[in-house]
Amino acid sequence: AYTFSLLMKAYLKSGQFDKVKAAAHDMKIRGIPLTNHHYTALIGAYGRQGSMSEMQQVLGTMDFDGIPKDRTLYNALIYAYCRNNAVEEAMRVKDDMYNRSIGASGAVPMDPSLRPDPFTYATILDALGRREKFDEMAALRTEMLEREVPETTGVCNVLIDAHARAGRLDAALAIKTSMNAPPDVITYSTLVLHLNRASRSDDVALLVAEMASNQVRENTYFCNALMDAHRKKGDVEQAQALKDRMKVSGIRADLVTFNILLDTYVKAGRSIEALELRDEMRELGLGEN
RNA sequence: CGCAACGUCUAUCACGCUU
């Protein structure tokens, strides 16, 4: 069962949804009972492919087999609803979880472990954020406060991203300033990305410095966001300098990094350097692309 | 029993899909 759990997780992560389903099928044939871990992966696969009716069938199977659903599975379910434009339904699941956690759902037995957690709220907040439903987001934050669900770094990142994407940069910065949880590399890359798009380079510089003093390590995503800003300005020197800095700091360049660099070189008419990048990609095992 | 890890959320370019 553990082997299948690992397999299904890997398939889900790499977008091979049919293989997740095939693995579940394989387990049934072999008579290996599926657990919440397997069902969570299955729900993730169905949610990402938009197969809502098949997902409902899986939920029915769990009920039929008498397998109680745990919080992580419900969170995955909420994610699936959110991805498929059913935020209302996601909210309903979240409320059911809460009611069951306090024993307020009638004949259904109480289960405190079903209490909605920061993941639950982050998922719904993200869906609301992508739809720019700021009032509903505020209401959810109030609910979190009442129910003593902590605003973790992940939750704050979702809030910051929602505001920043909508161009509400100062609101986004205000959340970062007031958050109790420590900002992480995602917090900084979200802000830096959108501040750069708004040409607020002074704020970017401040954040980059703050990040260093907070000992938050840059990663590939973060550097790619910076790199793209250089590309948009046509700043080949800065892009090159960043690429070198990444190498020195041991930050892996990925396909995105190279796409940005290629475009930067080509637009600057430096096709020889662009071609050299191809060799470098091969050395890093990115040549197939 | 305790502790830890693990399955669920959030950030980057392009392409493609949908509009």
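None of these values were measured; they are calculated from a predicted model.
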Heavy-atom distance under 4.5 Å between the side chains of [X] and [Y], does that happen here?
X        : Y        : value
A:Met179 : A:Ile160 : yes
A:Arg217 : A:Met211 : no
A:Arg168 : A:Phe134 : yes

Taking any atom closer than 4.0 angstrom to a non-hydrogen atom of chain A, what span of RNA chain B does the protein reach, first nucleotide to last?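 Nucleotide range in contact with chain A: B:C6 to B:C13.
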Is it true that A:Asp95 and A:Arg92 make a salt bridge, defined as a side-chain N closer than 4.0 Å to a carboxylate O?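 So A:Asp95 does not pair with A:Arg92 through a salt bridge.
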Residues A:Glu132 and A:Arg165 bridged, charged N to O under 4.0 Å: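 The answer is no: the pair does not qualify as a salt bridge.
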Quick one: label [X] by what it contacts on the DNA or RNA (base, sugar-phosphate, nothing), any heavy atom closer than 4.0 Å.
X        : value
A:Asn219 : base
A:Ala76  : sugar-phosphate
A:Asn36  : base
A:Asp117 : nothing
A:Thr40  : base
A:Arg252 : nothing
A:Thr123 : sugar-phosphate
A:Thr190 : sugar-phosphate
A:Tyr221 : base
A:Arg83  : nothing

Would a single hydrophobic cluster contain both A:Val256 and A:Val236, if residues Ile, Leu, Val, Met, Phe, Trp and Tyr are joined by side-chain heavy-atom contacts under 4.5 Å?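 Looking at the clustering, A:Val256 is in the same group as A:Val236.
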Among all residues two or more places apart in sequence or in another chain, which pass the side chain to side chain contact (heavy atoms under 4.5 Å, CB included) test with A:Asp235?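 With neighbours one apart ignored, the set is A:His230, A:Lys233, A:Glu237, A:Gln238.
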Hey, would you say the A:His37 and A:Phe4 ring centroids sit under 6.0 Å apart?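 Centroid distance A:His37-A:Phe4: not below 6.0 Å, so no.
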Run through A:Lys94, A:Glu143, A:Arg141 and flag the one making a side chain to side chain donor-acceptor pair (under 3.5 Å) with A:Tyr121.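 Going through the options one by one, the only one that passes is A:Glu143.
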Residues within residues 158-173 of chain A bordering RNA chain B, heavy-atom distance below 4.0 Å: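 Here the set is A:Val158, A:Asp161.
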